[in-house]
Amino acid sequence: MHTLRLLTLAGGLALAAPTAAQQTTGTKADPAMLAKIKDEGLNRSKVMETAFYLTDVCGPRLAGSDGLARANQWTQKQLTSWGLANAAIEPWGTFGRGWDIEKSYVAMTAPYYHTLVGAPKAWTPSTSGVVKKQVAVVKAAAEADLDKYKGQLRDKIVVLEVVNPPKLTFEADARRYTDEELKKLADYAPGTPATSPAAADAERVAALRARAALRTKLSDMLLTEGAAAVLSSRGGSDGTFFTSNGASYAADAKPVLPELEMAPEDQLRLIRLAEAGIPVEVELETRTRFQTQDLQGYNVVAEIPGTDRKLKSEVVMLGGHLDSWHAATGATDNAAGCAVMMEAVRILKAAGVQPRRTIRIALWGAEEQGLHGSRGYVKNHFADPATMKLLPEHEKLAAYFNLDNGAGKIRGIYAQGNEAVVPIFQDWLKPFADLGATTVTLRNTGGTDHLSFDAVGLPGFQFIQDPLDYGTRTHHTNMDTYERLPADDLKQASVIVASFVYQAAMRDQKLPRKPLPAAKPEQRM
């Protein structure tokens, strides 16, 4: 706390007078208010308390689940308690069946007893009570490989090959961006390769599609052959496993077998024993529940109303996705982003900000299944990317800021190819050089909800965050828990987001826009 107060004092001094860039970029931001935002966010933060409720109290928040419904209700109530207006749980469109886990248990019972680490894949059915069966290992690299298993799998628990087995490594799970990496981002010029050549990307996408098609064929065969259940793994290490959906959430989804995703170490042991000719028996029970009464999907929205007579009808938005996967509590993906965005608007209210434009927070649903919440919101409020027919609100959006790259502190922002915003963002970051945020890159970044805005020509941006152990340990895994949230990183991020939102709400003009994109009838993001 003592260190944070010193940083706040330094930040206050740095904000004492408007810079030349501020004077030329049309801002009406008060330097004293920016200092107040920094002080409130660093010294009286509520971000970890918010993160606790989103993770430990609300629990896993799979799209359509009871946990997401709890989170929707809690965030609406909390935002209202902080003084935000028009807090609502707003439907974005039809999603499909909700799904919850009521019971999950799996253990090896022969050649000896040992508890195994795993969880049901999303939208898979329950077992018929306790299932205790011999295992059969199935390995298939191509559809032709499936033929040799026909007639051998009835009443068996099928153990699939581990595609990404753990490997010994001397690299740390967590890391921060180096100065060299940040400089490379800052120096990026449009038209140069980003992270990988297009040919390599195309090859990777083709391989993923081929693997998905083979998995569909395999699932159909296992069901036809009368297997009892499936154990699978997408990789991981040290007891960590990655999770996903094992069936469609559509109301008319075709049937599949009960399936659990496993820690690869446990699954590999089962495979080694079975391949050595040692009989292996597994006992498991899953009880899952489908929700079919309400097929709607929802976002949570709330506002700080604007005060300028001419500009209050314009909106600055900030958000992150509230839904998560189900094997943990979705702490870094994306309770962290939602807690930061909620903390940002709490800071603005506590600091007494009177924004010229309206500030609107949105906590999205069903991002993990394809950005559905934000895409539905954009389609309902701004434009349909399939037709590019603009709605009246399209003209009123000043900017959208997103946070969804884990729990690391903000190091800068992706300008998403929008050259005109670069000097503006560079100026807005200057007060936060002491907190490690300095980089503006023209690079695009993908995979999250700012893309829904960018797809219809609206200025949508994602912040650059230190990766920490997001890609190695927490992203879509059973280890994505509250313990992975560094408090100082989230406080820093909250202050920077609050400052960006405040600055955007106070500018004379909306943030510059890129040219409108062409309609994309079959767009996939």
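Here the structure is a predicted model, which means the values were calculated and not measured.
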Tightest non-hydrogen contact, residues M479 and T474, listed as O-CG2, 4.1 Å

Would you say Q267 and F241 make side-chain contact, with heavy atoms under 4.5 Å?
no

Please determine whether side-chain contact (heavy atoms from CB on, under 4.5 Å) holds for the pair Q462 and Y400, giving the CA-CA distance in whole Å, both sets of side-chain angles, and the decisive distance to 0.1 Å.
CA-CA 9 Å; Q462 163 72 31; Y400 171 72; over 6 Å; no

Here the pair of heavy atoms bringing S104 nearest to P120 is OG-CD, 3.2 Å

Would you say the side chain of Y482 lies within less than 4.5 Å of the side chain of M48, judging by non-hydrogen atoms?
yes

Pairs satisfying salt bridge (charged side-chain N to carboxylate O under 4.0 Å, His left out), at least one member in residues 469-480, at least two apart:
D173-R473, D238-R473, D469-R484

Among R176, R443, R175, which residue satisfies the salt bridge (charged side-chain N to carboxylate O under 4.0 Å, His left out) criterion with E181?
R175

Looking at F95 versus Y249, is the centre-to-centre ring distance below 6.0 Å?
yes

Determine the minimum heavy-atom distance between S126 and T288, stating which atoms define it.
OG-N, 2.7 Å

For D323 and E368, the nearest pair of non-hydrogen atoms, with its separation, is OD2-N, 3.0 Å

Distance (rounded to the nearest 0.5 Å) between R411 CZ and D489 CG
9.5 Å

When you measure from the side chain of E314 to the backbone N and O of A398, does any donor-acceptor pair fall under 3.5 Å?
no

Begin from the C-alpha positions of L442 and V422 and carry the test side-chain contact (heavy atoms from CB on, under 4.5 Å) through to its verdict.
CA-CA 8 Å; L442 275 171; V422 170; 3.7 Å; yes

Taking the side chain as every heavy atom from C-beta outward, state whether L218 and L214 have any atom pair closer than 4.5 Å.
no

Compute the centroid of each ring, for H372 and then for W364, and state whether the two points are separated by less than 6.0 Å.
no

Any side-chain heavy-atom pair of Q291 and R97 under 4.5 Å:
no

Go through the side-chain N and O atoms of E483 and T481 and say whether any donor and acceptor fall under 3.5 Å apart.
yes

Sidechain N-carboxylate O distance under 4.0 Å for E259, R215
yes

Check for me whether the distance between the ring centres of F242 and H476 falls short of 6.0 Å.
no

Taking every non-hydrogen atom, the tightest pair across K379 and D384
CE-OD2, 3.3 Å

side-chain contact (heavy atoms from CB on, under 4.5 Å) between L68 and L322, intermediate numbers included:
CA-CA 7 Å; L68 184 57; L322 191 54; 4.0 Å; yes

At what distance, to the nearest 0.5 angstrom, does OG1 of T124 lie from CG of L260?
7.0 Å

Apply salt bridge (Lys or Arg N to Asp or Glu O under 4.0 Å) to the pair D449 and R375, showing each step before the final yes or no.
CA-CA 8 Å; D449 292 294; R375 292 178 72 180; over 6 Å; no

Could you tell me which non-hydrogen atom of P264 sits nearest to which non-hydrogen atom of T240, and how far apart they are?
CD-O, 3.5 Å

Under a 3.5 Å distance rule, please check whether D266 uses its side chain to pair with a backbone N or O of A263 as donor and acceptor.
no

Counting N and O atoms only, with roles assigned by atom type, does the side chain of T439 sit under 3.5 Å from a partner on the main chain of A186, one being a donor and the other an acceptor?
no

Is the closest side-chain donor-acceptor distance between D294 and Y298 under 3.5 Å?
yes

What is the distance from atom OG1 of T55 to atom CG of L485, rounded to the nearest 0.5 Å?
6.5 Å

Considering only heavy atoms from C-beta outward, does the side chain of T448 approach that of E367 to under 4.5 Å?
yes

For the residue pair F500 and F463, categorise the inter-ring angle as parallel (less than 30°), tilted (30 to 60°) or perpendicular (more than 60°).
perpendicular

Please answer whether the main-chain N or O of T477 pairs with a side-chain N or O of T243 as donor and acceptor at a distance below 3.5 Å.
no

Calculate, to the nearest 0.5 Å, the distance between atoms CG and CG belonging to L62 and D66 respectively.
10.5 Å

For the residue pair S452 and S374, confirm or rule out a side-chain donor-acceptor distance under 3.5 Å.
yes

Measure the shortest side-chain to side-chain distance between L390 and L516 over non-hydrogen atoms and say whether it is less than 4.5 angstrom.
yes

Listing request: all salt bridge (charged side-chain N to carboxylate O under 4.0 Å, His left out) pairs with a residue in residues 326-347, at least two apart in sequence or in separate chains.
E40-R346, E343-R346

Could you note down all residue pairs passing salt bridge (charged side-chain N to carboxylate O under 4.0 Å, His left out) where residues 389-409 supplies at least one of them, sequence neighbours left out?
E395-K510

Judged by atom type as modelled, is there a donor-acceptor pair below 3.5 Å linking the side chain of S233 to the main-chain atoms of M262?
yes

Under the criterion side-chain hydrogen bond (donor to acceptor under 3.5 Å, both in side chains), I'd like the reasoning laid out for H381 against E90: C-alpha separation, chi angles, the key distance, then a yes or no.
CA-CA 12 Å; H381 288 267; E90 178 182 310; 2.8 Å; yes

Does the ring center of F453 lie less than 6.0 Å from the ring center of F461?
no

Any L348 side-chain heavy atom under 4.5 Å of I359 side chain:
yes

Output yes when a side-chain donor or acceptor of S324 lies under 3.5 Å from a complementary backbone atom of R61, and no otherwise.
yes

Roughly how far apart are E225 CD and L146 CG, rounded to 0.5 Å?
10.0 Å

When you measure from the side chain of S81 to the backbone of Q78, do you find a donor-acceptor pair of N or O atoms at a distance under 3.5 Å?
yes

Once you round to the nearest 0.5 Å, how far does CE of M341 lie from NE2 of H321?
11.5 Å

Kindly assign one of parallel, tilted or perpendicular to the pair Y470 and H475, based on the angle between their ring planes and the thresholds 30° and 60°.
tilted

Indicate yes or no for a side-chain donor-acceptor contact from N380 to the backbone of W92 under 3.5 Å, with no hydrogens or angles considered.
yes

Looking only at the aromatic ring of each residue, does the gap between the centers of Y53 and W74 stay below 6.0 angstrom?
yes

Does atom CD of Q296 have more than 12 heavy-atom neighbours from other groups under 6.0 Å away?
yes

Result of checking D466, L403, I464 against I410 for side chain to side chain contact (heavy atoms under 4.5 Å, CB included)
L403

With a 4.5 Å cut-off on side-chain heavy atoms, are P385 and K520 touching?
no

Using 4.0 Å as the upper bound for N to carboxylate O, is an ion pair formed by E303 and R357?
no

S499 side chain vs V495 backbone, donor-acceptor pair below 3.5 Å:
no

Donor-acceptor contact below 3.5 Å, side chain T127 vs main chain T286:
yes

In terms of the angle between their ring planes, are F382 and H394 parallel, tilted or perpendicular, with boundaries placed at 30° and 60°?
perpendicular

Could you walk me through whether E261 and S244 satisfy the side-chain hydrogen bond (donor to acceptor under 3.5 Å, both in side chains) test, starting with their C-alpha distance in whole Å, then the side-chain angles of each, then the deciding distance to 0.1 Å, before giving a yes or no?
CA-CA 8 Å; E261 281 178 308; S244 63; 3.3 Å; yes

